[in-house]
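What follows is a set of notes on a single structure, which appears directly below.
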Amino acid sequence: MTHHQVLIIGSGFAGIGMAIRLREAGVEDVVILERAASLGGTWQANRYPGCACDVESVLYSFSFAPNPGWTRTFATQPEIEAHLIHLAATHRITDRIRFGEDVRSAHWDAAHARWEVRTSTATWTAETLILATGALSDPMRPDIVGLESFDGPMFHTAEWDPTVSLDGRRVGIIGTGASAIQVIPAIQPQVAQLVVAQRTPPWVMPRWDRAIPERTRQRFARWPWTQQLARLAQYLRHEVLFLPFRHATLRRVAEAVIGLHLRLQVRDPALRARLRPRYGIGCKRLLLSDDFYPAMTRPNVTLETAAIRRILPDGIEMADGTHHRLDVLLLATGFRPTDPPLAPAVVGAAGRSLAEVWAGSPRAHLGCSVAGFPNLFLLNGPNTGLGHSSVLLMFEAQFAQILGVLAARRARGARSVAPTEAAQARYVRWLDAAHRTTVWQSGGCASWYLDRTGRNSTLWPYGVGRYRRLLGRVRPEEYAFDA
Ligand code: NAP
């Protein structure tokens with residue numbers, strides 16, 4: 001059994017960033033447990049063709065670790081993964097990561113005021129446990145009749161099999177979410193036929209992705225303030241993009257403007273009608289793409305809007321009886337963010353797990369700690385997701401709050417800290433009230449933003465600035481020390 005001051009689970013942006021911040025604050029004894037064989041979290045797992053970030057690179061990086069070398073306005077997966085690997089190496093974090101450590105359980109040991117964490121290979125203890133396991137880490141396979149009977153290769157976008165060639169094959173893809181609209185244009189030119197099974201058409205706005213010229217990169221390296229200025233401009237643009245999510249009139253304006261993108265890129269009115277969303281913009285994640293609609297107009301692409309009746313060994317059968325023969329089936333069916341996979345395994349002071357306490361609707365004080373779970377912190381926790389900007393900005397606010405709470409614990413000579421029930425309940429009431437007037441609640445769509453109780457337990461209901469201001473200060477009265 002090895003003991004550490006801090007254990008972090010997960011080596012994506014959240015885990016790496018937290019480790020950097022902790023060490024800068026003088027907490028040296030930090031270890032990251034990672035189930036995969038290499039670091040990167042979602043950027044290590046998702047390797048499908050076309051995989052890229054839909055937030056501009058200049059904003060999708062930490063303010064304390066800018067990267068003047070981004071080659072495109074929207075970085076691709078390989079470039080982001082390489083950036084993270086570089087970030088971990090230059091901040092001496094890589095040698096703090098223990099790979100192949102799949103966490104099975106974590107129990108609060110009140111007698112010793114520490115967490116006991118069991119992994120696939122060992123038992124670890126730590127004063128403080130930080131979950132940086134991501135909201136979108138465990139793929140969701142759809143519950144479709146006959147799915148497992150499919151005879152050919154079938155895999156989820158987050159488990160892409162690079163050994164399967166798609167050249168000249170008949171390929172089916174289920175889903176038209178953020179992952180699908182990146183895969184579709186990337187593979188369309190190489191496949192013989194592509195059948196796209198769409199259940200709900202997404203709102204898609206232009207991305208205007210372009211290469212960043214060498215001279216701009218040199219300028220960013222030489223005068224970092226120029227990159228900071230570009231970052232500020234993007235930050236403000238995204239804060240404006242958020243406004244239609246709260247205000248119905250602005251929403252109608254946004255729908256009219258963004259609807260033009262579909263009109264300009266798809267000339268066939270019948271196809272256009274089937275691609276047109278019928279819910280308020282932003283209710284499901286607003287997508288960005290320059291090449292999804294053009295790909296859908298190609299002769300080797302068939303858009304299927306009938307429901308899927310079943311999967312057969314040789315293809316897919318739609319509710320209207322149409323049968324598509326397929327060689328390969330791709331599942332672009334997303335994740336389960338409202339059922340965090342580790343929640344049943346993390347057991348707090350009262351002997352109950354996070355899953356038991358949450359009962360299908362995750363709640364956390366400021367999104368980063370939970371009453372009854374001493375010395376436990378969450379990154380990317382409940383209600384910290386965004387539909388409009390860089391989640392890394394949210395992580396930075398969480399790093400600040402967590403470091404502040406740890407400092408307050410130290411200053412009091414306390415062994416443990418957790419938010420009080422009252423502070424957490426007050427915060428959650430305020431959140432729920434704030435959500436009532438958002439498009440996610442009233443936009444007329446079914447989305448994974450809402451959990452099975454109908455609560456929005458994934459998204460932050462305001463602009464990023466408000467969250468940063470809220471978490472920028474620790475209010476000790478909201479926490480119980482020696483909880
Ligand atoms: P997603 O947005 O949840 O999309 C899943 C798709 O599969 C939807 O079109 C959904 O249809 C469809 N689907 C699910 N179950 C189905 C079923 N049983 N039958 C038919 N269709 C079914 O998942 P995702 O595209 O992987 O994206 C998830 C999130 O990952 C994104 O919202 C985003 O936050 C993140 N992401 C980000 C990027 C990026 O560029 N930064 C890229 C990829 C993903 P319905 O809409 O009808 O449910």
Side-chain angles (χ1 to χ4, degrees), residues 12-13 41-43 45-57 59-61 72-77 79-81 134-147 155-160 172-186 195-205 207 209 238 275 277-279 282-290 292 303-311 316-319 329-339 380 384-392 394 440 443-450 458-460:
F13 265 107
T42 195
W43 296 108
N46 285 271
R47 319 182 81 85
Y48 57 81
C51 185
C53 186
D54 56 14
V55 175
E56 295 79 359
S57 340
L59 201 58
Y60 198 81
S61 26
R72 301 200 68 79
T73 47
F74 291 86
T76 58
Q77 177 271 333
E79 196 168 5
I80 299 172
E81 188 186 27
L136 305 163
S137 41
D138 278 12
M140 208 251 310
R141 287 171 87 85
D143 191 11
I144 299 175
V145 178
L147 189 72
F155 43 87
H156 191 280
T157 44
E159 295 167 337
W160 195 266
I173 181 164
I174 302 178
T176 47
S179 303
I181 71 149
Q182 295 183 337
V183 172
I184 290 166
V195 176
V196 178
Q198 168 188 274
R199 187 163 66 180
T200 316
W203 280 99
V204 183
M205 62 182 278
R207 199 156 77 129
D209 179 33
H238 283 271
L275 287 167
R278 303 195 194 291
Y279 58 83
C283 181
K284 281 173 180 285
R285 192 181 164 95
L286 173 58
L287 308 183
L288 280 82
S289 177
D290 300 327
F292 168 63
L303 174 65
E304 259 303 349
T305 51
I308 301 168
R309 180 184 288 160
R310 56 183 173 154
I311 306 293
I316 183 167
E317 187 179 280
M318 315 309 294
L329 183 57
L330 307 174
L331 308 175
T333 44
F335 306 84
R336 292 187 191 281
T338 55
D339 288 314
N380 205 9
T384 65
L386 296 176
H388 73 287
S389 188
S390 171
V391 79
L392 268 56
M394 303 295 274
W440 310 304
C445 77
S447 79
W448 55 255
Y449 293 154
L450 307 185
T458 53
L459 292 188
W460 168 247

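Counting convention: from 1, in listed order, for ligands and their atoms alike.
- Regarding atom 46 (O) of ligand 1, its nearest protein heavy-atom neighbour is K284 NZ, 2.7 Å.
- The closest approach between any non-hydrogen atom of Y48 and ligand 1 is below 4.0 Å.
- For atom 21 (N) of ligand 1, the nearest non-hydrogen atom of the protein is I174 CG2, 3.7 Å.
- Remark: M205 CE to D290 CG distance equals 10.0 Å, nearest 0.5 Å.
- Considering backbone and side-chain atoms together, W43 places no N or O closer than 3.5 Å to any N or O of ligand 1.
- Nearest protein heavy-atom neighbour of atom 26 (O) of ligand 1: S179 OG, 2.6 Å.
- Atom CD of E56 and atom OG of S390 lie 9.5 Å apart (nearest 0.5 Å).
- Under the 3.5 Å distance criterion, the side-chain polar atoms of R309 are matched with a main-chain donor or acceptor of A319.
- Note that the CG atom of L386 and the CH2 atom of W460 stand 10.0 Å from one another [nearest 0.5 Å].
- Proximity of a side-chain donor or acceptor of W440 to a complementary backbone N or O of C445 within less than 3.5 Å is not detected.
- Backbone and side-chain nitrogen or oxygen atoms of D54 are examined, and one is located within less than 3.5 angstrom of a nitrogen or oxygen of ligand 1.
- When hydrogens are left out, the protein atom nearest atom 47 (O) of ligand 1 is T200 OG1, 2.4 Å; that is the closest non-hydrogen contact.
- Neither the backbone nor the side chain of A446 has a heavy atom within less than 4.0 Å of ligand 1.
- Of the protein's non-hydrogen atoms, the one nearest atom 30 (O) of ligand 1 is L136 CD1, 3.3 Å.
- Polar contact with ligand 1: present for W448 (N/O pair, distance under 3.5 Å).
- In this structure, CE in M140 is found 5.5 Å from CZ in R336, a value given to the nearest 0.5 Å.
- Ligand 1 has no nitrogen or oxygen under 3.5 angstrom from a nitrogen or oxygen of I144.
- Using a 4.0 Å cut-off between heavy atoms, Q198 makes no contact with ligand 1 at all.
- Looking from atom 6 (C) of ligand 1 to the surrounding protein, the closest heavy atom is A332 O, 3.2 Å.
- Outside the 6.0 Å centre-distance limit, the rings of H156 and Y48 are not counted as a close aromatic pair.
- With a heavy-atom cut-off of 4.0 Å, Y279 does not touch ligand 1 at all.
- For ligand 1, the polar-atom distance check against G175 finds no nitrogen or oxygen pair separated by under 3.5 Å.
- In this structure, the side chain of D54 does not engage the main chain of L288 through any donor-acceptor pair within 3.5 Å.
- Nearest to atom 44 (C) of ligand 1 by heavy-atom distance, out of S390, A178, S447, is A178.
- Look at C53 and you'll find a heavy atom under 4.0 Å from some atom of ligand 1.
- Put simply, the residue from I174, I316, I173, V195 that forms a side-chain contact (heavy atoms from CB on, under 4.5 Å) with E304 is V195.
- Here atom 48 (O) of ligand 1 lies nearest to R199 when heavy atoms of R207, R199, R285, R336 are compared.
- Judged by distance alone, with hydrogens and angles left aside, the side-chain atoms of T200 form no donor-acceptor pair with the main-chain N or O of P277 at under 3.5 Å.
- Judged by the shortest distance from any of its heavy atoms, T157 lies outside the 4.0 Å radius around the atoms of ligand 1.
- Side-chain atoms of Y279 come within 3.5 Å of backbone N or O of P201 as a donor-acceptor pair.
- If you take SG on C51 and CH2 on W43, they are separated by 5.0 Å, rounding to the nearest 0.5 Å.
- Counting heavy atoms under 4.0 Å from ligand 1, residue A158 does not touch it at all.
- Atom 9 (O) of ligand 1 has as its closest protein heavy atom T176 N, 2.9 Å.
- Taking CG of N380 as the reference point, atom CG of L392 lies at 9.5 Å (rounded to 0.5 Å).
- In this structure, atom 40 (O) of ligand 1 lies nearest to the protein heavy atom A52 O, 2.7 Å.
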